[in-house]
Colleague: 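Take a look at this one; I'll ask things after.
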Protein chains: 2
Amino acid sequence: MVKTALKLPQYELIKQYLRHQIETGEWPIGYRTPSEPKLAEQFSVSRMTARRALQELADQGLLSRTAGSGTFVAKPNLQVASIEIIDLVERARETGYYSNRLLGIEAVAPSRQMTELMLLDSKQPVYQLNMLHLERNCPLVLQQLWVNTALAPALPKQTFKKVTPDAYLDWIAPSTRVDYQLMAVSPSPEQQHQLTLTGQGSSLCMQLNRRCWRHQQVLSISASVIPAAFYQLGHNLL
Amino acid sequence: MVKTALKLPQYELIKQYLRHQIETGEWPIGYRTPSEPKLAEQFSVSRMTARRALQELADQGLLSRTAGSGTFVAKPNLQVASIEIIDLVERARETGYYSNRLLGIEAVAPSRQMTELMLLDSKQPVYQLNMLHLERNCPLVLQQLWVNTALAPALPKQTFKKVTPDAYLDWIAPSTRVDYQLMAVSPSPEQQHQLTLTGQGSSLCMQLNRRCWRHQQVLSISASVIPAAFYQLGHNLL
DNA sequence: CAGCAATATCTGTATATACATATTATTTTT
DNA sequence: AAAAATAATATGTATATACAGATATTGCTG
């Protein structure tokens with residue numbers, strides 16, 4: 001079966017035209033585009049079809065519209081950063097050389113700071129979990145994880161030999177939003193020992209903090225310490 | 001003037017209802033929502049109005065729709081990471097204690113790697129610019145910048161005393177997209193000298209690489225080395 | 001019971017229309 | 001000339017309708 005040139009809907013054709021005018025600079029930033037009725041006449045379509053093209057590009061941030069005034073080419077205002085957070089653990093699991101060591105898991109009373117971070121109102125306990133992830137028996141990530149007991153009550157029943165805590169949580173309660181924070185740190189002596197880091201130059205780590213949300217609630221907080229040599233946020237650049 | 005409770009459009013009310021069903025877990029992932037005609041009947045609106053509610057939530061990733069089959073509660077598939085890249089230089093400029101030193105600017109032939117990164121087809125030169133940004137006369141960021149000469153021909157005419165290169169580029173050609181890459185590095189002896197870093201523990205830096213796009217073209221590539229103490233990606237977490 | 005055809009359902013595209021409301025331009029009035 | 005009323009224009013919301021195309025279900029047939 002040969003895939004023939006597919007017929008695009010009319011609103012897509014209009015979108016292409018609008019995008020072209022913007023990307024070539026024919027319509028500079030602030031330029032007032034044709035109005036819905038005029039676009040409709042130009043392309044011999046109804047106003048609602050022309051409207052759809054304008055609306056979708058506006059939703060996408062390319063245009064900006066104000067009732068009564070018109071539609072204008074928007075300044076690409078807040079830079080839409082594309083960042084890819086590489087999940088080292090997930091990548092290692094795919095290669096098949098992954099293993100881990102559960103260093104500890106217990107239900108504890110959260111610190112005041114943790115109570116604020118996780119938006120816990122009562123004196124509800126949290127699961128605190130320490131785990132070392134390895135690739136080819138080489139320490140890769142030292143992770144500290146706090147989990148909302150209300151959202152994952154059965155967490156301590158898991159062994160995490162085959163499924164990581166993150167994968168388990170993603171299974172029972174997928175995140176709807178994630179906040180990240182990243183910084184360079186010098187690991188503590190204990191962390192250096194757990195990561196079997198020796199000496200000077202190698203003691204350079206990244207710490208990746210992560211907060212996973214499930215709608216209005218905080219599901220988990222994670223702090224991962226990773227030897228800098230392993231970590232790179234994004235790739236192929238420089 | 002007292003702001004009275006504003007009257008929401010009907011499609012917004014339907015969206016609220018749908019969101020509520022999803023967020024409370026009443027409708028689990030994979031649940032089939034009422035169809036457009038049924039929703040329309042439930043809320044006594046036309047099909048097009050009910051459709052708008054479903055469509056907008058689908059655009060937002062909350063629902064997933066397939067023609068002929070129906071509308072389903074989507075798994076919050078690819079985690080939408082919210083990361084804030086703090087512009088240290090911009091922040092310093094706002095405080096008023098900002099200054100900089102232009103270490104060099106010249107038009108050079110790009111390396112093969114740079115040609116690939118910037119998608120340059122010909123042997124067109126690029127502007128290469130080295131700059132040290134300071135706050136209260138204290139080295140903050142050591143930036144190396146490559147700029148597409150075709151998109152900013154007048155760049156070398158600038159002095160950058162009042163306007164940084166980044167601000168100038170944003171002025172003449174705002175980016176439509178930005179890629180970031182972040183890693184922990186140990187600065188070279190030369191970089192340590194330029195950042196006036198002394199001794200052991202302080203020689204811990206973050207390197208933030210950035211590629212700015214203007215539609216299909218690459219506008220600039222930037223590599224900034226920042227003492228780790230100054231940098232934190234995001235805040236308020238841990 | 002398996003395979004196929006007919007049918008019902010659902011989303012996707014498109015039009016024509018109506019009215020509301022915000023903004024801008026024009027005209028009239030003071 | 002300044003201020004106020006008016007008109008024209010633009011987007012926002014909503015409905016009713018029509019048909020196309022994709023998918024699932026039902027019923028029929030061998």
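Side chains are part of it too, since the values below use all heavy atoms of this structure and drop only hydrogens, waters and symmetry mates. Throughout, a chain's letter reflects where its sequence line sits, starting with A, and its residues are numbered from 1.
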Colleague: Please report the distance, rounded to the nearest Å, between CG in B/Leu39 and P in C/dT9.
Modeller: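 Rounded to the whole Å, the gap is 17 Å.
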
Colleague: Return the value, rounded to whole Å, for the distance between atom CD of A/Glu41 and atom C1' of D/dA10.
Modeller: 16 Å

Colleague: Whole angstrom is fine here: how far is it from CD in B/Gln10 over to P in D/dA16?
Modeller: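 Between P of D/dA16 and CD of B/Gln10: 11 Å.
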
Colleague: B/Asp87: what forms a side-chain hydrogen bond (donor to acceptor under 3.5 Å, both in side chains) with it, not counting sequence neighbours?
Modeller: none

Colleague: Assuming nearest nucleotide by heavy-atom distance, tell me which of A/Ser69 and B/Ser35 is located more 5' along DNA chain C.
Modeller: B/Ser35

Colleague: To the nearest Å, give me how far apart CZ (A/Arg32) and P (C/dT23) are.
Modeller: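 Answer to the nearest Å: 13 Å.
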
Colleague: So, OP1 or OP2 of D/dA14: does either fall under 4.0 Å of a side-chain N or O from B/Tyr11?
Modeller: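 For B/Tyr11, the contact criterion (side-chain N or O under 4.0 Å from OP1 or OP2 of D/dA14) is not met.
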
Colleague: Between A/Arg93 and A/Asp166, is there a side-chain N and carboxylate O pair less than 4.0 Å apart?
Modeller: no

Colleague: Using whole Å, what does the distance between atom C1' of nucleotide D/dA10 and atom CG of A/Leu63 come to?
Modeller: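 These atoms are roughly 15 Å apart.
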
Colleague: With a cut-off of less than 4.0 Å, is there a side-chain N or O of B/Lys38 near OP1 or OP2 of C/dC10?
Modeller: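 Result: yes.
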
Colleague: Within residues 50-58 of chain B, which residues have any heavy atom lying less than 4.0 Å from an atom of DNA chain C?
Modeller: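 Nucleic-acid contacts, sorted: B/Arg51, B/Gln55.
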
Colleague: Less than 4.5 Å apart, any side-chain heavy atom of B/Trp27 and any of B/Leu63?
Modeller: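 A side-chain contact under 4.5 Å is absent here.
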
Colleague: Please check if the number of heavy atoms outside B/Glu12 that lie under 6.0 Å from its CD is greater than 12.
Modeller: yes

Colleague: Sequence neighbours left out, what pairs pass side-chain hydrogen bond (donor to acceptor under 3.5 Å, both in side chains) with at least one residue falling in residues 147-159 of chain B?
Modeller: B/Gln124-B/Asn148, B/Gln124-B/Thr149

Colleague: Nearest whole angstrom, please: distance from the C1' of D/dT13 to the CZ of B/Arg47.
Modeller: 17 Å

Colleague: Of the listed nucleotides (C/dT15, D/dG12, C/dT11), which one gets closest to any side-chain atom of A/Arg65?
Modeller: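 Selected nucleotide (nearest to the side chain): D/dG12.
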
Colleague: Quickly work out the B/Glu36 CD to C/dA8 C1' distance and round it to whole Å.
Modeller: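 It works out to 16 Å between those atoms.
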
Colleague: Both A/Thr71 and A/Met48 contact DNA chain D. Taking the nearest nucleotide for each, which residue is further toward the 5' end?
Modeller: A/Thr71

Colleague: Nearest heavy atom decides the nucleotide; on that basis, is A/Ser46 or A/Gly68 closer to the 5' end of DNA chain C?
Modeller: A/Ser46

Colleague: With a 3.5 Å distance limit and no angle check, can you tell me whether B/Arg211 reaches the backbone of B/Val218 through a side-chain donor-acceptor pair?
Modeller: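 Checked: no pair found.
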
Colleague: Looking only at side-chain atoms of B/Pro9, point me to the closest of D/dA22, D/dA14, C/dA14.
Modeller: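 Nearest to the side chain of B/Pro9 among the choices is D/dA14.
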
Colleague: Would you compute the distance between atom CE of A/Met114 and atom CG of A/Leu120 and round it to the nearest 0.5 angstrom?
Modeller: 9.5 Å

Colleague: Whether B/Thr49 contacts D/dT15 is assessed here as follows: a side-chain N or O lying under 4.0 Å from the phosphate OP1 or OP2. Is that the case?
Modeller: yes

Colleague: Rounded to the nearest Å, what distance is computed from the NZ atom of residue A/Lys7 to the P atom of nucleotide C/dA14?
Modeller: 7 Å

